[in-house]
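Shown next, in structure tokens, is the structure this report addresses.
A note on names: the letters A, B, ... follow the listed sequences, proteins ahead of strands, and every chain is numbered from 1. Quantities reported herein were computed from a predicted structural model and do not represent experimental measurements. Values below: all heavy atoms of this structure, side chains included; hydrogens, waters and symmetry mates excluded.
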Amino acid sequence: FFVASALVEMYAKHGLFAEATHVFNTFPEQDIVLWSILIARYADLGHGDEALSYFEEMQLKGFSPNAVTYLGGLKACCSIEAIDRGKELHADIVKKGFELDSSIGNALVTLYASHGWLTDAQDVFDNVSARDGVSWTSLLAGYAKHQRLEQASRCLELLQLDGMPVDEFSWSTMILSYAEQGDSEGASVTYARMQEQGTAPSSGTFLSMLKAHGNAAALEMGRRVHAQVHRNT
RNA sequence: GAAUGAG
């Protein structure tokens, strides 16, 4: 299994699914890890439908998904916006008691939040036993993506009040949220706070800042054009 | 040996 999983992983990670499934199928027996790898990689590379059909095929063959398998399945649902299927998985997860796993809870928050099911997301979030930075950032990103900048920034505040260290993912997500709203001021203030707290910016942080200022520059340019329009009409 | 969040 050691070598089989390494091979399947290697091919699937590069999108060489024909090779990956060939190794998978010609290996004398498949186990849950091999299935999980395939499902997760398909989901990762935007083949959520294939991932879900492997997820089903696996169960038809008598394998019962474990927590890691569900993470891949949820990611697949998320990538193709299969909320109903996600809710079915959610129900199975609850039935099997995996909802206590914080990674699973976080993946559910991500699924719901990123597609605007904010109440469901908040609901799962509230029931995650051990909230961590990932839980908060998932929720924050969901609120921001659906124009709830207030609630997004509240997530960041509550995360800090929780005494959790705020990592560069949370900061960058918040900065990007401001960027997407055209609020370059908010982005800059957040960036400054990040530095005050001694969190090192990552490349994602810089991308978010560039987006904030790119948008600001574009807006400024738009304003100049607007002024010209008035002068010439 | 497979594991959830921004980009």
Between [atom2] of [N] and [atom1] of [X], the distance in whole Å:
X: Ile37(A); N: U4(B); atom1: CD1; atom2: P; result: 13 Å
X: Leu108(A); N: G5(B); atom1: CG; atom2: P; result: 12 Å
X: Asp101(A); N: G5(B); atom1: CG; atom2: P; result: 13 Å
X: Asp132(A); N: A6(B); atom1: CG; atom2: P; result: 13 Å
X: Lys211(A); N: G7(B); atom1: NZ; atom2: P; result: 8 Å
X: Tyr191(A); N: A6(B); atom1: OH; atom2: P; result: 21 Å
X: Trp136(A); N: G5(B); atom1: CH2; atom2: C1'; result: 14 Å
X: Ile93(A); N: A3(B); atom1: CD1; atom2: C1'; result: 13 Å

Below 4.0 angstrom, N of the basic side chain to O of the carboxylate: do Arg154(A) and Glu150(A) qualify?
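No, Arg154(A) and Glu150(A) are not salt-bridged.
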Which part of the nucleic acid, if any, lies within reach of [X] when heavy atoms closer than 4.0 Å are counted: base, sugar-phosphate only, or nothing?
X: Ser135(A); answer: nothing
X: Ser208(A); answer: nothing
X: Gly72(A); answer: nothing
X: Ser202(A); answer: base

Hey, are Tyr11(A) and His22(A) close enough side-chain-wise for a donor-acceptor pair under 3.5 Å?
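Side chains of His22(A) and Tyr11(A): no pair found under 3.5 Å.
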Measure from the side-chain heavy atoms of [X] and tell me the nearest of [options].
X: Arg41(A); options: A3(B), A6(B), G5(B); value: A3(B)
X: Leu71(A); options: G1(B), U4(B), A6(B); value: U4(B)
X: Ser5(A); options: A6(B), G5(B), G1(B); value: G1(B)
X: Glu9(A); options: G1(B), A3(B), A2(B); value: A2(B)

Does Ser138(A) contact A6(B) through a side-chain donor or acceptor facing the base, at a distance under 3.5 Å?
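Side chain to base: no pair below 3.5 Å.
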Base G5(B) to side chain Asp167(A), donor-acceptor N/O within 3.5 Å cut-off:
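Donor-acceptor pair under 3.5 Å: yes.
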Indicate, with yes or no, if the rings of Phe17(A) and His47(A) have centres closer together than 6.0 Å.
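Yes.
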Can you see if the side chain of Lys75(A) gets near the phosphate of U4(B) - specifically, an N or O under 4.0 Å from OP1 or OP2?
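Checking Lys75(A) against U4(B): at least one side-chain N or O falls below 4.0 Å of OP1 or OP2.
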Using only side-chain N and O atoms of Arg131(A), determine if any of them is under 4.0 Å from OP1 or OP2 of G5(B).
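Answer no for this pair, as no side-chain N or O of Arg131(A) is under 4.0 Å from OP1 or OP2.
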Would you say Thr137(A)'s side chain and Val134(A)'s backbone share a donor-acceptor pair under 3.5 angstrom?
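Side chain of Thr137(A) to backbone of Val134(A): no pair is present.
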Aromatic rings Phe24(A) and Trp35(A): how do their planes relate, parallel, tilted or perpendicular, breaks at 30° and 60°?
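Answer is perpendicular, since the angle exceeds 60°.
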